[in-house]
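So you know, we letter chains A, B, ... as the sequences are listed, proteins then strands, and number each from 1.
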Number of protein chains: 2
Amino acid sequence: MTDQRKAILKVLEESEDHPSVETLCDRARQADASISIATVYRTLGLLSELGLVLKHDFKDTSARFEVDHGHHHHLVDTESGEVVEFENDALEALMHKICADLGYEMVDHTFELFGRKIKK
Amino acid sequence: MTDQRKAILKVLEESEDHPSVETLCDRARQADASISIATVYRTLGLLSELGLVLKHDFKDTSARFEVDHGHHHHLVDTESGEVVEFENDALEALMHKICADLGYEMVDHTFELFGRKIKK
DNA sequence: GTATGTGCAAAGACTTTGCTTTGGA
DNA sequence: TCCAAAGCAAAGTCTTTGCACATAC
């Protein structure tokens with residue numbers, strides 16, 4: 001457990017948004033200016049494999065990350081880029097059921113919604 | 001409508017799997033050996049925008065494509081890489097409902113399941 | 001003291017683009 | 001003929017890696 005990893009973890013935990021590798025690196029550099037992007041990639045790789053961190057594809061240019069604090073999903077506002085988080089137990093259950101019905105045990109999934117705000 | 005586009009479309013329509021750009025290019029070249037990878041990318045970009053073709057991320061190295069023939073989803077066998085297609089109306093409905101409840105109109109989504117075959 | 005981690009820069013993988021030539025309508 | 005499309009190769013992005021140096025334990 002190195003200082004760099006501590007800094008990256010801390011930034012991840014404190015982030016309320018879904019930072020890209022680049023953003024994460026910038027933030028971590030405020031604690032330790034020497035942190036390189038390579039280390040950020042390597043650390044995120046580790047954390048992802050351990051299941052502590054989730055990687056998302058918001059159809060942005062690059063991958064986005066967040067600590068895995070319980071099951072929730074994302075709706076991306078296609079106009080503003082804003083990300084809305086939500087939980088939905090029925091969805092979770094349905095995903096597991098679909099896998100089971102097909103004879104599989106679910107080990108992972110991707111799921112993001114993209115929507116346009118409805119004007120009142 | 002050029003010969004190259006015709007060839008790419010034909011290959012896409014005849015593909016029962018979910019080819020990558022590279023694979024698609026190889027297949028299209030059997031009809032017209034001069035087709036370049038750039039044309040395949042450009043054509044897929046067009047077709048995607050028109051909504052005729054869907055682009056998926058199966059956590060492979062590169063993007064995978066298929067013609068949009070009705071709503072169905074994918075379960076990727078994490079051991080074999082095999083892709084199982086399935087339909088599920090409840091899932092469709094739930095996605096739309098989630099968006100609506102959050103005040104959004106759904107314009108797109110990503111959804112793939114990753115699972116391990118259950119041994120009997 | 002030794003295995004592991006880091007920084008840097010170079011290499012990789014996938015995708016996009018500039019420019020010239022080609023070809024469809 | 002004329003404009004859109006194709007081919008080629010170069011450039012762009014994001015990500016990974018080799019290697020020498022630094023550091024945790």
A.B. asks: Whole Å only: how far is the CG atom of D26(B) from the P atom of dC14(C)?
C.D. replies: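 D26(B) atom CG is separated from dC14(C) atom P by 13 Å.
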
A.B. asks: Nearest whole angstrom, please: distance from the C1' of dC14(C) to the NZ of K59(B).
C.D. replies: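 For the pair K59(B) NZ and dC14(C) C1', the rounded distance is 19 Å.
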
A.B. asks: Taking all non-hydrogen atoms of both residues into account, name the closest pair between V11(B) and S15(B) and its distance.
C.D. replies: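 For V11(B) versus S15(B), the nearest heavy atoms are O-OG, 2.7 Å.
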
A.B. asks: Run the salt-bridge test on D3(B) and K10(B) with the 4.0 Å N-O cut-off and return the result as yes or no.
C.D. replies: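 No, this pair does not count.
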
A.B. asks: What is the distance, to the nearest angstrom, from the CG atom on D60(B) to the C1' atom on dT15(C)?
C.D. replies: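 The distance from CG of D60(B) to C1' of dT15(C) comes to 16 Å, rounded to the nearest Å.
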
A.B. asks: Below 4.0 angstrom, which residues in residues 8-23 of chain A have at least one non-hydrogen atom near DNA chain C?
C.D. replies: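 Here the set is empty: none.
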
A.B. asks: When the distance from CG of L24(B) to P of dT15(C) is rounded to whole Å, what number comes out?
C.D. replies: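 Computing the L24(B):CG to dT15(C):P distance gives 12 Å.
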
A.B. asks: Any side-chain heavy atom of E85(A) sitting closer than 4.5 Å to one from H18(A)?
C.D. replies: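 Yes, their side chains come closer than 4.5 Å.
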
A.B. asks: Quick one, give me the B/S/- string for nucleotides 3-8 of chain C, reading 5' to 3', where B means a protein heavy atom under 4.0 Å from the base and S means that only happens at the primed atoms, P, OP1 or OP2.
C.D. replies: --SBBB

A.B. asks: Starting at CG of L47(B) and ending at P of dA5(D), how long is that distance when rounded to a whole Å?
C.D. replies: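 Distance check: L47(B) CG to dA5(D) P gives 12 Å.
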
A.B. asks: Less than 4.0 angstrom between a side-chain N/O of Y41(B) and OP1 or OP2 of dT16(C), yes or no?
C.D. replies: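 Checking Y41(B) against dT16(C): no side-chain N or O falls below 4.0 Å of OP1 or OP2.
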
A.B. asks: Can you check whether F111(B) reaches M95(A) side chain to side chain, under 4.5 Å on heavy atoms?
C.D. replies: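 They are in side-chain contact.
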
A.B. asks: State the CD-CG distance between E66(B) and L12(B), to the nearest 0.5 angstrom.
C.D. replies: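 Result: 9.5 Å between the selected atoms.
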
A.B. asks: Could you check, using the six-membered ring where one of them is a Trp, whether F86(A) and H72(A) have ring centers closer than 6.0 angstrom?
C.D. replies: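 No.
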
A.B. asks: Can the ring centres of H56(B) and H73(B) be said to be less than 6.0 Å apart?
C.D. replies: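 No, the ring centres sit 6.0 Å or more apart.
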
A.B. asks: What's the spacing between L75(B) CG and C99(A) SG if we round to 0.5 Å?
C.D. replies: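 Here the interatomic distance stands at 4.5 Å.
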
